[in-house]
Amino acid sequence: MDKKHIFTNYLMLSFLSNIAAQEVSELHLIYREYDDTYGYENNLGDTIIPYGKYMCHIPYRTLGFISKPKEKDIVAISPSGTELFKVFQYDNGPDHLSEGVFRMIGNNNKMGFADTTGHIVIPPRFDFVTPFKNGHAFFNTGGHNVPIDKSGEYHMITGGHWGVINKEGKEICPALLDSVPLKYKGIQTEIIYQKQRMPLEKAMFIIQKGLEKNKEPFNKTGKIQRIKP
């Protein structure tokens, strides 16, 4: 076989491999009525999660969510069935999609964000963080996760302070705010800073001016890092 035929065959095999890889790209929730169980199959009809093996949640087509028996965690899986990471739970299911991302939990038990392809877009480094809205999310430092009902099913963050990140995960406001958003008015976000209710942009302006005046940079915890003379 000459070099031309070898090269042609190589290109054909590469092309077919790429087509095959691209074809297995979706997950579909399947239901069996007689025993009320769910599973997953891919877009080729192959069974990825058999009926009844795990509790299966509605997928994002390119990403599935399973809950294992006797385990409280929800885990994201790829269309091939590979387990990717734990997912933050909201209202007894996986976190809702907001502005193209949802909250995930890393092996360090910190929170970050992933998209519907299973790509971690903001690595897990927050004790707690809210969903994105208006292009930013609020993270908490120094707070405590406490139950708000007798069953312990629902929790809230009390204490500590709140900071702000953008969609790239960059901290655009240090953890000095007294609250998460109180109200959204279109693209405007209202918060509490120094016990006063005000737009987020105003609070960030005041904080930035204070930083420039005091020339006291903030460390990663959001606390003032004073520089000894």
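- Other residues, nucleotides and ligands contribute over 12 non-hydrogen atoms within 6.0 Å of the NE2 atom of H96.
- The pair E83-K68 meets the salt-bridge criterion, since a charged nitrogen lies less than 4.0 angstrom from a carboxylate oxygen.
- Taking both residues in full, the closest heavy atoms of I122 and I165 are given as CD1-CD1, 4.3 Å, listed atom of the first, atom of the second, then distance.
- For the residue pair H57 and S67, a side-chain donor N or O sits within less than 3.5 Å of a side-chain acceptor on the partner.
- Surrounding CE of M55 are at most 12 heavy atoms belonging to other residues, nucleotides or ligands under 6.0 Å away.
- Of all heavy-atom pairs spanning Q89 and D73, the tightest one is NE2-CA, 3.7 Å.
- Between Y60 and F65, the distance separating the two ring centers is shorter than 6.0 angstrom.
- Residue I30 is not grouped with residue I48 when hydrophobic side chains (ILVMFWY) are merged at heavy-atom distances under 4.5 angstrom, including chains of intermediate members.
- With hydrophobic clusters built from ILVMFWY side chains whose heavy atoms lie under 4.5 angstrom apart, L97 shares a cluster with M104.
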From CA spacing to verdict: side chain to side chain contact (heavy atoms under 4.5 Å, CB included), E190, R197: CA-CA 7 Å; E190 289 189 355; R197 185 167 180 159; 2.8 Å; yes
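- Comment: D127 engages K110 in a salt bridge, judged by a side-chain N to carboxylate O separation of less than 4.0 angstrom.
- Around the NZ atom of K167, the shell of radius 6.0 Å holds more than 12 heavy atoms that belong to other residues, nucleotides or ligands.
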From CA spacing to verdict: ring pair (Phe, Tyr, Trp, His ring centres under 6.0 Å), Y90, F102: CA-CA 10 Å; Y90 181 80; F102 61 91; over 10 Å; no
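- I172 and V129 fall within a single hydrophobic cluster, where Ile, Leu, Val, Met, Phe, Trp and Tyr are joined by side-chain heavy atoms under 4.5 Å apart, directly or via other members.
- With ring centers used as reference points, Y54 lies 6.0 Å or more from Y38.
- Cluster membership for L200 and F205, using ILVMFWY side-chain heavy atoms within less than 4.5 angstrom, is not shared.
- Residue pairs meeting the side chain to side chain donor-acceptor pair (under 3.5 Å) criterion with at least one member in residues 97-109, sequence neighbours excluded: D95-R103.
- Enclosure of atom CD1 in I58 is not indicated, since only 12 or fewer non-hydrogen atoms of other residues, nucleotides or ligands lie within 6.0 angstrom.
- Both I157 and V164 are part of a single hydrophobic cluster, where members link through side-chain heavy atoms under 4.5 Å apart.
- Considering every non-hydrogen atom in both D178 and W162, the closest pair reads C-CD1, 4.0 Å.
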